[in-house]
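In what follows, a single structure is set out as structure tokens and then discussed.
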Amino acid sequence: MEKNIARLRRAKSTRAHIRKLEVARLSVHRSNQHLYAQVFSASGDRVIAAASTLQESVNADLKGTKNLVAAAAVGKAVAERCLAAGIDKVAFDRSGFRYHGRVKALADAAREAGLKF
């Protein structure tokens with residue numbers, strides 16, 4: 001559990017900084033099997049857009065849910081839903097995970113789909 005506590009400590013400081021920016025927050029959670037992304041409002045009280053590898057619309061044409069292709073699909077889906085809601089600028093909250101692998105693939109796909117961060 002020590003590893004998870006350290007990750008949550010890193011996430012806490014990042015979220016404190018994002019709160020000062022007063023901009024929508026793209027939060028990413030990575031588990032062993034799935035990847036989740038949510039865009040919260042600037043006040044943090046509601047979810048504007050969300051996507052995950054659990055959703056049929058995202059994983060319909062994917063071979064697996066824990067690879068870079070799946071992460072890119074989630075990033076693209078959350079960016080499209082965010083733009084449809086009228087949000088084009090967000091702050092990227094990696095939730096204490098390293099900016100590497102699936103987290104990086106999600107961020108790159110969201111940028112390519114039109115989100116700015």
Nearest 0.5 angstrom please: [X] [atom1] to [Y] [atom2], how far?
{"X": "K20", "Y": "R15", "atom1": "NZ", "atom2": "CZ", "value": "16.0 Å"}
{"X": "L35", "Y": "S31", "atom1": "CG", "atom2": "OG", "value": "7.5 Å"}
{"X": "D88", "Y": "C82", "atom1": "CG", "atom2": "SG", "value": "8.0 Å"}
{"X": "R102", "Y": "R30", "atom1": "CZ", "atom2": "CZ", "value": "5.5 Å"}
{"X": "F117", "Y": "L21", "atom1": "CZ", "atom2": "CG", "value": "14.0 Å"}

Inset, instruction - Not counting sequence neighbours, list each pair that qualifies as a ring-ring contact (aromatic ring centres under 6.0 Å, His included) and has a residue in residues 67-91. - result: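 Of all non-adjacent pairs touching residues 67-91, none passes ring-ring contact (aromatic ring centres under 6.0 Å, His included).
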Inset, instruction - Take E80 and L83, measure what side chain to side chain contact (heavy atoms under 4.5 Å, CB included) needs, and give me the verdict at the end. - result: CA-CA 5 Å; E80 289 171 352; L83 291 172; 5.9 Å; no
Closest approach of [X] to [Y] (non-hydrogen atoms, all atoms of both residues):
{"X": "A107", "Y": "F92", "answer": "CB-CZ, 3.8 Å"}
{"X": "N59", "Y": "T53", "answer": "ND2-O, 2.7 Å"}
{"X": "L26", "Y": "A37", "answer": "CD1-CB, 4.2 Å"}
{"X": "S57", "Y": "R81", "answer": "OG-NH2, 3.1 Å"}
{"X": "A51", "Y": "A77", "answer": "CB-CB, 4.0 Å"}
{"X": "N67", "Y": "A70", "answer": "OD1-N, 2.9 Å"}

Joint cluster assignment, [X] & [Y], ILVMFWY side-chain distance < 4.5 Å:
{"X": "I18", "Y": "L106", "result": "no"}
{"X": "V90", "Y": "Y36", "result": "no"}
{"X": "L115", "Y": "F40", "result": "no"}
{"X": "V78", "Y": "Y99", "result": "yes"}

Inset, instruction - Show your working on side chain to side chain contact (heavy atoms under 4.5 Å, CB included) between V39 and V47 and close with a plain yes or no. - result: CA-CA 6 Å; V39 177; V47 176; over 6 Å; no
Ignoring hydrogens and angles, tell me if any N or O in the side chain of [X] forms a donor-acceptor pair with the backbone of [Y] under 3.5 Å.
{"X": "S27", "Y": "Q38", "value": "no"}
{"X": "R25", "Y": "D93", "value": "no"}
{"X": "S52", "Y": "L54", "value": "yes"}

Legend entry - Neighbour count >12 (heavy atoms, 6.0 Å) for atom CZ, R10: yes
Legend entry - Residues in salt bridge (charged side-chain N to carboxylate O under 4.0 Å, His left out) contact with R111, at least two apart in sequence or another chain: D108
